[in-house]
Asks: 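The structure is given below, and queries will be raised subsequently.
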Amino acid sequence: MIDDAFLRDNQAIIKKLQQIPMLRAMEKQHLQALLEMSEIMEFAPGATILEEGRFDKWIFYLITGKASIVKNGKELAIIRRTGDVFGEMGVIDGSARSASVYAIDQTVCLRTDLSKADALYGENKLAFRYTVFRGFAQNLANRLRMTTEELLRCREMLVKYESQQSSTAANKPAPR
């Protein structure tokens, strides 16, 4: 873990965060608040970042590296773009982690405890929460869109398979 005091004062980190699409709309003061709720975490290849079934309060923004999302031992996706967010579903609905996440190579993430946003006050609290949750909504909408497209492809494949099975059965000679 990188020292929190380093985080709060490091303008390079803030500039890196401003490149993350979800955080681009945040004002510098809100990015500073985000940093104060966060830690920079480094994970070695193969390290567990999140564990399926666990409860915790963290969301993660990928800074560098790659990570694999795994559910029931099967890889679902690879996270590789700076700013990819993961772990937000459990924070939004308070449920256990729906999947595990493992570092593929040396991976650096911003790990954020959004429960600390409750300590903000007035318009800062509202603006901060709005920006973060709007980013979550955009992220979840993109995932839902991809899932819908995948579902449609699977349905098309199933229809083709059933059609092939029907034509194969129709061409079989009748038993004697």
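On a predicted model such as this, the values are computed, not experimentally measured, just so you know. Keep in mind that the numbers below use all heavy atoms, side chains included, and drop hydrogens, waters and symmetry copies.
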Asks: Answer yes if M89 and I78 sit in the same cluster of Ile, Leu, Val, Met, Phe, Trp and Tyr residues linked by side chain heavy atoms under 4.5 Å apart, and no otherwise.
Replies: no
Asks: Look at the side chain of T112 and the backbone N and O of S38, then say whether any donor-acceptor pair between them is shorter than 3.5 Å.
Replies: no
Asks: For the backbone of A103 and the side chain of K66, can you confirm whether one donor and one acceptor N or O come within less than 3.5 Å of each other?
Replies: no
Asks: What is the distance from atom CG of L110 to atom OG1 of T82, rounded to the nearest 0.5 Å?
Replies: 12.0 Å
Asks: Between R111 and E39, does at least one N-O distance fall below 4.0 Å, as a salt bridge requires?
Replies: yes
Asks: Taking NZ, NE, NH1 and NH2 as the nitrogens, is one of them in E156 or R153 under 4.0 Å from a carboxylate oxygen of the other?
Replies: no
Asks: Does M146 belong to the same Ile/Leu/Val/Met/Phe/Trp/Tyr cluster as L62, with side-chain heavy atoms less than 4.5 Å apart forming each link?
Replies: no
Asks: Could R97 and E51 be called an ion pair, given the rule that one side-chain N must be under 4.0 Å from one carboxylate O?
Replies: no
Asks: Counting only heavy atoms not in Q165, do more than 12 fall under 6.0 Å of its CD?
Replies: yes
Asks: Does the T107 side chain pair with the main chain of D105, one donor and one acceptor, at a distance under 3.5 Å?
Replies: yes
Asks: Backbone N or O of E162 within a donor-acceptor pair of the S166 side chain at under 3.5 Å?
Replies: yes
Asks: Hey, what do you get for OH (Y102) to CD (E75), rounding to the nearest 0.5 Å?
Replies: 11.0 Å
